[in-house]
Amino acid sequence: MKFATASALRRYRRLALLTLLCSCLASCTLAKLKGDAETFYSSTVLVGRVSSAIPWDKPIVVAAYAKREGKLAVVHYTVLHEAGGYELLVPEGEYVIWAFGDTNGNLSWDADEPAGQYRPGPVVASGSGTVVNLNFDITNQAQTEFAVGTTVSKTVPATPHSTQAGAIADLDAPIFSAQSGKGGYWAPTEFFRTAGGNIYFLDQYDPAKIPVLFVHGVGGSPQDWRYFFDHLDRSRFQPWFFYYPSGASLDSISYLLFWKLINLQRAHHFDKIYFTAHSMGGLVVRNLLANYGAQIPAEKLFISL
């Protein structure tokens with residue numbers, strides 16, 4: 001290739017360098033996303049319920065710890081706005097599961113807060129599938145493996161994000177944005193560890209209203225349903241939505257939805273629920289109803305868009 005001037009040659013070299021740089025960045029991004037997906041599919045979900053042996057209606061922090069060089073290190077933690085079900089995502093290994101009440105939201109165990117751990121332990125994760133029924137209580141009894149002041153994270157969010165079913169959602173929060181929803185497809189592990197997978201309410205539960213559960217599709221987010229939320233007859237119905245990492249396997253997400261519904265059924269005893277789903281969300285709900293529908297004691301209506 002011949003160039004008329006030296007400046008034209010310089011421009012060509014800059015363009016070639018920029019093209020190469022963009023190609024490298026794209027390759028690095030794809031490699032990172034591929035690695036995230038592989039991490040998710042080589043992880044185990046630890047599932048259970050935390051109850052309180054004493055009166056407690058404040059947030060609870062649940063964490064999975066692995067022993068590293070003789071010390072306990074946090075692998076994954078989640079925050080519940082009240083006692084109930086939890087899910088933790090961990091790689092293959094052995095784990096101690098510990099929880100404590102978090103009165104002030106500082107993600108640290110203070111002396112006046114109840115705590116407890118799953119026993120007998122440790123919990124063995126194979127690197128795939130789900131380990132269930134990891135249920136235990138938090139109490140005021142002394143802890144042997146954890147000291148007062150134990151912190152699960154030094155980064156304390158202004159408003160802790162609850163992954164307990166039935167948490168009240170602010171639909172305008174960044175975690176429910178379209179960008180965050182796309183992240184659930186491309187990076188399901190990162191999404192699950194930050195946003196989790198959950199059924200959220202827009203208002204407090206009302207036993208006089210029928211729940212309508214909205215389930216988004218691939219790369220979707222709760223904000224996709226805003227028009228429906230705004231035009232639903234709120235005198236008769238209450239909108240719920242299921243937010244999940246859409247890059248995860250269909251079976252794992254269907255089980256997660258079942259687990260959330262069972263926790264809500266236990267809490268509220270609703271006798272009707274209407275499912276409204278889009279695209280892959282329809283597959284999630286159909287899989288749920290085929291495999292677990294008989295275990296959900298409520299009249300069900302399913303609409304797939």
What about L250 and L213, same hydrophobic cluster or not, with Ile/Leu/Val/Met/Phe/Trp/Tyr joined at side-chain heavy-atom distances under 4.5 Å? yes
Can you sort out the partners of Y200 under ring pair (Phe, Tyr, Trp, His ring centres under 6.0 Å), two or more places apart, ordered by chain and number? H161, F176, F241
Does atom CD of E145 have more than 12 heavy-atom neighbours, drawn from other residues, nucleotides or ligands, at distances under 6.0 Å? yes
About how many Å separate CH2 of W259 and CG of L264, when rounded to the nearest 0.5 Å? 11.0 Å
Give me the atom names and distance for the closest heavy-atom approach of V215 to G281. CG1-CA, 3.6 Å
Given the rule that I, L, V, M, F, W and Y join up when any side-chain heavy atoms are under 4.5 Å apart, are V132 and I262 in one cluster? yes
Closest heavy-atom contact between S304 and G282? OG-CA, 3.6 Å
Between G219 and S246, what is the shortest heavy-atom contact and its length? N-OG, 2.8 Å
One should read off an interatomic distance between F201 CZ and I199 CD1, to the nearest 0.5 angstrom, of 7.5 Å
Residues at least two apart in sequence or cross-chain that pass side chain to side chain donor-acceptor pair (under 3.5 Å) with S162, listed by chain then number, are H81
Under a 4.5 Å cut-off applied to non-hydrogen side-chain atoms, are Y255 and L288 in contact? no
State the CD-CG distance between Q238 and L202, to the nearest 0.5 angstrom. 10.0 Å
Given ring-ring contact (aromatic ring centres under 6.0 Å, His included), test W240 with F275 step by step and report yes or no. CA-CA 9 Å; W240 299 357; F275 297 92; 9.5 Å; no
Co-membership, hydrophobic cluster, residues V61 and V47, 4.5 Å side-chain: no
So, does S52 use its side chain to make a donor-acceptor pair with the main chain of P55 at under 3.5 Å? no
Quick check against the 3.5 Å criterion: does D137 have a side-chain atom that pairs as donor or acceptor with the backbone of T139? no
Rounded at 0.5 Å granularity, tell me how far CG in L107 sits from OG1 in T151. 8.0 Å
For the student: nearest non-hydrogen atoms of A248 and P188, plus distance: N-CB, 4.1 Å
Chi angles and distances behind the side-chain contact (heavy atoms from CB on, under 4.5 Å) call for L72, K67: CA-CA 5 Å; L72 290 173; K67 270 192 176 175; 3.5 Å; yes
Here the gap from S221 atom OG to I175 atom CD1, rounded to the nearest 0.5 Å, amounts to 11.5 Å
Set of side chain to side chain donor-acceptor pair (under 3.5 Å) partners for T155, sequence neighbours left out: none
Are Y243 and F191, when compared by the centres of their aromatic rings, separated by less than 6.0 Å? yes
Applying side-chain hydrogen bond (donor to acceptor under 3.5 Å, both in side chains) to S177 and S180, what does each step give before you reach the verdict? CA-CA 5 Å; S177 67; S180 178; 4.9 Å; no
By ring pair (Phe, Tyr, Trp, His ring centres under 6.0 Å), F146 pairs with (sequence neighbours left out) Y65, W98
Is the centre of the H216 ring less than 6.0 Å from the centre of the F242 ring? no
Residue pairs meeting side-chain hydrogen bond (donor to acceptor under 3.5 Å, both in side chains), one or both in residues 284-300, sequence neighbours left out, come to D251-N287, S254-N287, N287-N291
I'd like to know if the side chain of E82 reaches the main chain of K58, judged simply by a donor and an acceptor atom lying under 3.5 Å from each other, with no hydrogens or angles considered. no
Are any side-chain N or O atoms of E113 and backbone N or O atoms of D110, one a donor and one an acceptor, separated by less than 3.5 Å? yes
Smallest heavy-atom separation, A167 atom then N198 atom, equals CB-ND2, 4.3 Å
Qualifying residues under side chain to side chain donor-acceptor pair (under 3.5 Å), relative to S279, sequence neighbours excluded: none
4.5 Å side-chain heavy-atom contact, R234 and P239: yes
Taking it one step at a time, do F192 and L256 satisfy side-chain contact (heavy atoms from CB on, under 4.5 Å)? CA-CA 12 Å; F192 194 85; L256 177 63; 4.2 Å; yes
Does any N or O in the side chain of T44 come within less than 3.5 Å of the main-chain N or O of S128, such that one atom is a donor and the other an acceptor? yes
Considering only heavy atoms from C-beta outward, does the side chain of Y77 approach that of S153 to under 4.5 Å? yes
Applying side-chain hydrogen bond (donor to acceptor under 3.5 Å, both in side chains), which residue pairs with at least one partner in residues 267-278 are found, sequence neighbours left out? none
Can you name the residues that form a side chain to side chain donor-acceptor pair (under 3.5 Å) with T78, not counting sequence neighbours? T163
Derivation and outcome, side-chain contact (heavy atoms from CB on, under 4.5 Å), residues Q204 and I168: CA-CA 7 Å; Q204 293 291 339; I168 304 297; 4.0 Å; yes
Is the closest side-chain heavy-atom distance between R193 and T189 below 4.5 Å? yes
Where do L89 and V45 come nearest, in terms of heavy atoms and distance? CD1-CG2, 3.8 Å
Would you say that more than 12 heavy atoms from the other residues, nucleotides or ligands in this model lie under 6.0 Å from the NZ of K209, or not? yes
Going by ring pair (Phe, Tyr, Trp, His ring centres under 6.0 Å), name the residues that satisfy it together with F214, two or more places apart in sequence or in a different chain. W225, F229
Go through the steps to decide whether L301 and I273 satisfy the test side-chain contact (heavy atoms from CB on, under 4.5 Å), and finish with yes or no. CA-CA 7 Å; L301 174 69; I273 184 169; over 6 Å; no
Students should find that the hydrophobic cluster of V50, defined by side-chain heavy atoms under 4.5 Å apart, otherwise consists of L46, W56, I60, V62, V75, L80, Y86, L88, V90, Y95, I97, Y118, V123, V131, L134, F136, I138
Qualifying salt bridge (Lys or Arg N to Asp or Glu O under 4.0 Å) pairs with a residue from residues 85-102, counting only residues at least two apart or across chains: E87-K260
Please, which pairs that meet salt bridge (Lys or Arg N to Asp or Glu O under 4.0 Å) have at least one residue in residues 168-180, sequence neighbours excluded? D172-R226
